[in-house]
> 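I'd like to ask you about the structure that follows.
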Amino acid sequence: MDLSGLNGPQREAVLHDGGPLVVFAGAGSGKTRVITMRIARLVAEQGVAPWRILAVTFTNKAAGEMRERLEHLVPGGAKGLQVGTFHSTCARLLRLNAEAAGVKKDFVIYDDQDQQAMVKRVMGDLNLDPKQLPPKQIAGAINRAKQEMTSPEEMATEGDPYREMVRRIYTLYEERMGKAGALDFGDLIYRFVRALEKNEELRQHLAGRFLHQLVDEFQDTNHAQLRLVRALASVHRNLVVVGDDDQSIYRWRGADRRNILDFRGAYPDARVVKLEQNYRSTQRILRVAHSVISKNHDREPKELWTENPEGDKVLVVRCEDERDEARMVVRGVQELQNKGASLAEVAVFYRTHAQSRVLEEGLRQANLPYRIVGGVRFYDRAEVKDLLAYLRVIQNPGDDISLMRVVNVPARGIGKTTLTRLLEDAARTGSSVWDAIDENAGSGPARKLAQFKEMMERLRSSAKTLPLEDLPGMVLDESGYLEMLRADDSPEADARRENLQELVGSIQQFAEEHDEPTLASFLEDVTLASVADEQSDGAKVTLMTVHAAKGLEFDTVMVTGLEERMFPMRGTDPAEDPEEMEEERRLAYVAFTRARQRLILSYASVRHIYGQVRPGDPSRFVLDVPREDAVWIGVEPRRSGMASARPYRPDPWDRPSLPARGGRGGWGIRSGRDDDAYDEPARDHADFGGADDAWQPGGKPKSARGRDEAESYVDYSEGSDMGGFAPGMRVRHPKFGVGEVRRVEQGMVPKADVIFPGWGKKTLAIQYLTPA
DNA sequence: CAGAGTGCCCTTTTT
DNA sequence: GGGCACTCTG
């Protein structure tokens with residue numbers, strides 16, 4: 001194996017003989033490379049059978065990449081290798097050892113929504129008011145208990161009535177989940193670890209099988225996951241954990257940095273390797289990132305360094321409001337594009353999904369292709385979940401939550417009263433809803449229930465012989481679901497049909513890719529798919545939350561919304577846990593270190609939240625940027641207008657003598673070596689964006705009054721030019737052909753409702769329309 | 001019983 | 001600004 005491309009510490013980790021090893025791998029330090037080369041070496045040179053190696057990651061995508069790289073290094077070597085996420089690994093091992101673990105072999109996996117529905121139902125049975133005790137909160141408490149490996153019986157309540165109540169719900173919840181043959185996300189780890197710890201034979205068997213174990217992103221493991229890792233390493237102790245405590249960003253779902261920081265405590269003989277050479281970013285970016293993270297306490301001491309060039313200064317841009325910020329993003333992307341950069345190499349980050357909307361609008365207006373990672377996930381869409389629910393009932397009729405979801409979709413005349421009675425019957429007799437249907441003979445609605453059940457029985461028996469890929473089509477037909485969508489001529493129904501088609505397509509793909517495709521394995525795959533697994537395709541700007549960005553890298557990174565209480569979102573109040581702020585700081589660190597070449601930070605003086613105006617102070621993470629490492633654009637006292645929103649507050653970096661008005665417009669993103677470009681910032685915002693409203697199509701520039709007033713955003717919605725479009729007009733669209741305008745809608749993005757023969761009504765931005 | 005309409009809460013972040 | 005649960009009406 002050729003190790004010549006590795007640096008010293010990397011080589012040390014790859015060649016480490018056996019026993020426990022912890023690798024502190026800084027951002028961009030070649031971590032994945034080390035893991036894959038280590039596995040490759042084990043297989044190719046140490047003769048370890050691939051099936052005796054377990055590699056655990058946090059996303060399916062990371063697992064897939066690892067597999068792919070390994071296949072490249074050792075052709076055929078990845079075959080049999082156990083690579084997966086914590087959840088998928090446990091799901092598989094649970095299914096293989098269902099009996100020993102005390103779970104049903106054909107269990108279904110409940111996602112958060114299903115889990116909450118179950119909690120709600122249990123609370124209903126206990127006569128508890130969901131308004132006083134939000135099911136979501138209870139579900140959170142149950143999840144936390146499972147992360148801590150705490151059963152309902154073990155739950156300490158100390159007489160506290162609230163916790164007593166949680167425990168009661170938790171107890172009944174567990175009972176119902178068992179009856180339904182369902183496991184929630186937390187169960188996958190919790191049940192399996194329980195089994196390993198209680199069943200010595202099982203532990204010996206599985207821990208004996210895995211000669212080597214490698215765990216990625218170890219800083220994000222929770223307590224249950226730690227117990228899992230330790231149990232599986234208990235026989236051979238060949239355990240390698242890799243991670244970076246500075247990139248631990250999942251505290252809110254139980255991640256505990258102590259797991260990596262205290263690894264040496266758990267394994268006193270552990271070797272420690274630190275990867276501190278960065279191969280990704282410029283020196284400048286690393287310096288700026290370090291200035292943010294170094295303020296945290298209780299870190300493993302380390303500092304990234306690089307042989308890469310110094311690099312451009314970071315850009316800090318102050319914007320009026322979020323729309324202004326969107327415009328600044330658009331300008332920046334266009335400028336990069338003009339310089340020949342690929343849009344696939346540009347990413348825009350934000351703290352919460354809600355911030356994406358305005359950015360999207362801006363990019364769409366400017367005709368810039370983009371993709372959003374996360375947000376409303378494909379598998380979370382109602383129609384997709386409906387079809388999946390049908391499939392789950394086919395697999396497991398005891399799955400009450402799925403059954404209740406679809407029993408009256410499409411409408412079958414089974415109403416609320418009927419369903420309430422059904423649920424009560426099931427609760428009383430301790431049976432599943434499916435079985436309770438039989439008890440309900442006689443009345444009118446009962447007939448309809450019986451018909452539903454007959455239909456499902458038919459589908460169930462068909463499913464036994466039918467190839468997996470033919471099943472969804474049959475379900476859609478027999479259930480009347482497709483008919484329901486056909487009868488609906490709204491554009492939404494079209495979109496739903498397309499989504500279902502996509503789902504059917506993914507089932508077909510799944511069937512092709514697997515030797516023995518089963519319904520159970522497909523459903524498991526789908527439920528455990530993660531945001532990060534979404535495909536990247538084509539030259540598009542990527543929009544995502546910082547959380548979703550972990551593990552990725554781009555030439556250009558724009559971090560938006562850098563305002564106090566936005567990013568950092570939590571921990572700004574001294575009453576809060578200081579750990580909150582430290583996590584926000586890590587999040588900023590993760591964001592900054594995604595950038596290879598260029599880092600652009602922006603914040604808005606004013607932001608609209610829930611439709612309300614909220615003034616924003618620049619984030620402390622922006623203030624941490626060393627002054628000389630950035631160009632500060634638009635950062636100066638405002639001339640007027642702000643007083644009404646809040647008292648004027650000077651920016652800490654306000655420079656009394658800014659250079660005279662704008663040497664260069666635009667961003668000064670350099671293609672050549674013009675070193676001074678960045679040191680001559682445009683004096684104010686009006687300059688760097690160019691005079692006109694770049695992403696207002698056919699619209700007029702902002703009014704003269706707007707620029708210095710906090711309320712200037714109002715201008716966008718006033719009197720926009722409809723480009724001559726009016727109801728009754730015939731127009732042409734590149735995709736839908738010729739149609740008739742029904743309604744026009746003024747606004748920042750002028751739109752029109754158009755009826756297209758064969759497509760139905762579509763609401764479209766007028767820029768895509770031409771008179772026909 | 002179904003569909004339309006209204007008020008409420010909301011927001012981290014996700015396997 | 002939006003999604004969702006609940007209420008009102010046909």
Side-chain angles (χ1 to χ4, degrees), chain A residues 56-63 84-91 109-113 115-116 120 130-131 134-136 139-140 143 146-147 183-190 217 220-222 224-225 248-255 322 349-358 361 373-377 379-380 382 408-420 444-445 448 484 488 524-534 544-550 561 565-572 580 583-584 586-588 590-591 607-614 717 747-748:
Chain A
V56 187
T57 62
F58 265 84
T59 65
N60 295 303
K61 189 181 175 191
T85 66
F86 273 100
H87 291 87
S88 68
T89 300
C90 287
I109 301 169
Y110 275 8
D111 66 13
D112 283 356
Q113 280 182 42
Q115 182 190 31
Q116 277 171 43
K120 212 169 161 182
K131 279 196 184 111
K136 199 174 168 179
N143 289 340
K146 289 182 180 175
Q147 277 160 21
L183 299 183
D184 60 38
F185 284 142
D187 276 330
L188 294 175
I189 319 284
Y190 168 74
E217 308 277 17
D220 283 329
T221 50
N222 62 31
Q225 288 161 338
S248 173
I249 55 175
Y250 287 109
R251 199 175 88 96
W252 47 273
R253 69 172 198 215
E322 69 275 14
F349 298 163
Y350 34 79
R351 180 68 177 79
T352 66
H353 282 303
Q355 292 163 256
S356 71
R357 214 193 84 252
V358 181
E361 280 173 7
V373 178
V376 180
R377 292 150 63 184
Y379 290 119
D380 285 342
N408 199 34
V409 181
R412 300 188 172 92
I414 301 169
K416 205 177 151 191
T417 328
T418 315
L419 294 179
T420 311
K448 290 168 177 162
M484 172 184 76
D488 182 350
E524 179 172 311
D525 229 50
V526 158
T527 314
L528 297 179
S530 76
V531 190
D533 301 336
E534 288 168 34
M544 63 180 123
T545 63
V546 180
H547 281 89
K550 195 168 72 152
R565 299 178 58 210
M566 196 71 197
F567 191 2
M569 166 152 283
R570 312 235 340 204
T572 52
E580 298 273 13
E583 177 126 326
E584 294 286 333
R586 292 192 289 272
L587 213 39
V590 167
R607 189 170 291 273
H608 298 89
I609 289 173
Y610 312 138
Q612 292 210 315
V613 180
R614 192 168 87 179
S717 57
M748 186 178 72

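Chain A is the first sequence line, chain B the second, and so forth, proteins listed ahead of strands; every chain is numbered from 1.
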> Heavy atoms from C-beta onward define the side chain here; which of B:dT13, B:dT11, B:dT15 lies closest to that of A:Phe185?
B:dT15

> Rounded to the nearest Å, what distance is computed from the CZ atom of residue A:Arg351 to the C1' atom of nucleotide B:dT14?
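The distance from CZ of A:Arg351 to C1' of B:dT14 comes to 12 Å, rounded to the nearest Å.
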
> Round to a whole Å and report the spacing from CD of A:Glu584 to C1' of B:dT11.
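To the nearest whole Å, that distance equals 13 Å.
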
> List for me each residue that meets side-chain hydrogen bond (donor to acceptor under 3.5 Å, both in side chains) alongside A:Arg565, sequence neighbours excluded, and say none if there are none.
none

> Please state how far atom CZ in A:Phe58 lies from atom P in B:dT15, giving the value in whole angstrom units.
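So the two atoms are 11 Å apart, to the nearest Å.
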
> Partners of A:Glu524 by salt bridge (charged side-chain N to carboxylate O under 4.0 Å, His left out), sequence neighbours excluded?
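Scan of A:Glu524 (salt bridge (charged side-chain N to carboxylate O under 4.0 Å, His left out), adjacent residues dropped) gives A:Arg95.
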
> Round to a whole Å and report the spacing from OH of A:Tyr250 to P of B:dT13.
11 Å

> For A:Asn222, enumerate each residue passing the side chain to side chain contact (heavy atoms under 4.5 Å, CB included) test, keeping only those at least two apart in sequence or located in another chain.
A:Gln147, A:Ala224, A:Gln225

> Would you mind reporting whether A:Thr545 and A:Gln355 have side-chain heavy atoms less than 4.5 Å apart?
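No - every pair of side-chain heavy atoms lies 4.5 Å or more apart.
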
> Tabulate protein N/O versus nucleotide N/O from nucleotides 2-5 of chain B, keeping only pairs under 3.5 Å, one per line.
unit_1, atom_1, unit_2, atom_2, d
B:dA2, OP1, A:Gly413, N, 3.0
B:dA2, OP2, A:Asn408, ND2, 3.4

> Return no unless some side-chain N or O of A:Thr545 is found under 4.0 Å from OP1 or OP2 of B:dT14.
yes

> In terms of side-chain heavy atoms of A:Arg357, which of B:dT12, C:dG1, B:dT15 is nearest?
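The closest nucleotide is C:dG1.
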
> Looking only at atom types and distance, does a side-chain atom of A:Asn408 sit under 3.5 Å from a main-chain N or O of A:Ile414, one as donor and one as acceptor?
yes

> Roughly, in whole Å, what's the span from NE2 in A:His353 to P in C:dG3?
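Atom NE2 in A:His353 sits about 14 Å away from atom P in C:dG3.
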
> Using a heavy-atom cut-off of under 4.0 Å over every strand shown, decide if A:Asp112 touches base, sugar-phosphate, or nothing.
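Base contact.
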
> In whole Å, I'd like the distance from the CZ atom of A:Phe86 to the P atom of B:dT14.
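A:Phe86 atom CZ is separated from B:dT14 atom P by 19 Å.
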
> Mind calculating the distance between CD1 (A:Ile249) and P (B:dT15) to the nearest angstrom?
11 Å

> Can you tell me if A:Thr418 touches the phosphate of B:dC1, counting only side-chain N or O atoms and a distance under 4.0 Å to OP1 or OP2?
yes

> Once you round it to whole Å, what is the distance between P of C:dG2 and CD of A:Gln355?
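It works out to 16 Å between those atoms.
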
> For B:dT13 versus C:dC4, give the span between their P atoms, rounded off to a whole number of Å.
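To the nearest whole Å, 14 Å.
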
> Not counting sequence neighbours, which residues clear side chain to side chain contact (heavy atoms under 4.5 Å, CB included) with A:Thr89? List them please.
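Expected list: A:Leu54, A:Arg92, A:Leu93.
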
> With sequence neighbours left out, what residues match A:Glu322 under side-chain hydrogen bond (donor to acceptor under 3.5 Å, both in side chains)?
A:His608

> For A:Ile609 and for A:Asn143, locate the closest nucleotide of DNA chain B by heavy-atom distance; then report the residue assigned to the nucleotide nearer the 5' terminus.
A:Ile609

> I'd like to know if A:Trp252 reaches the base of B:dT13 with its side chain, counting only an N/O donor and acceptor under 3.5 Å.
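Between B:dT13 and A:Trp252, which were checked side chain against base, a qualifying N/O pair under 3.5 Å is present.
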
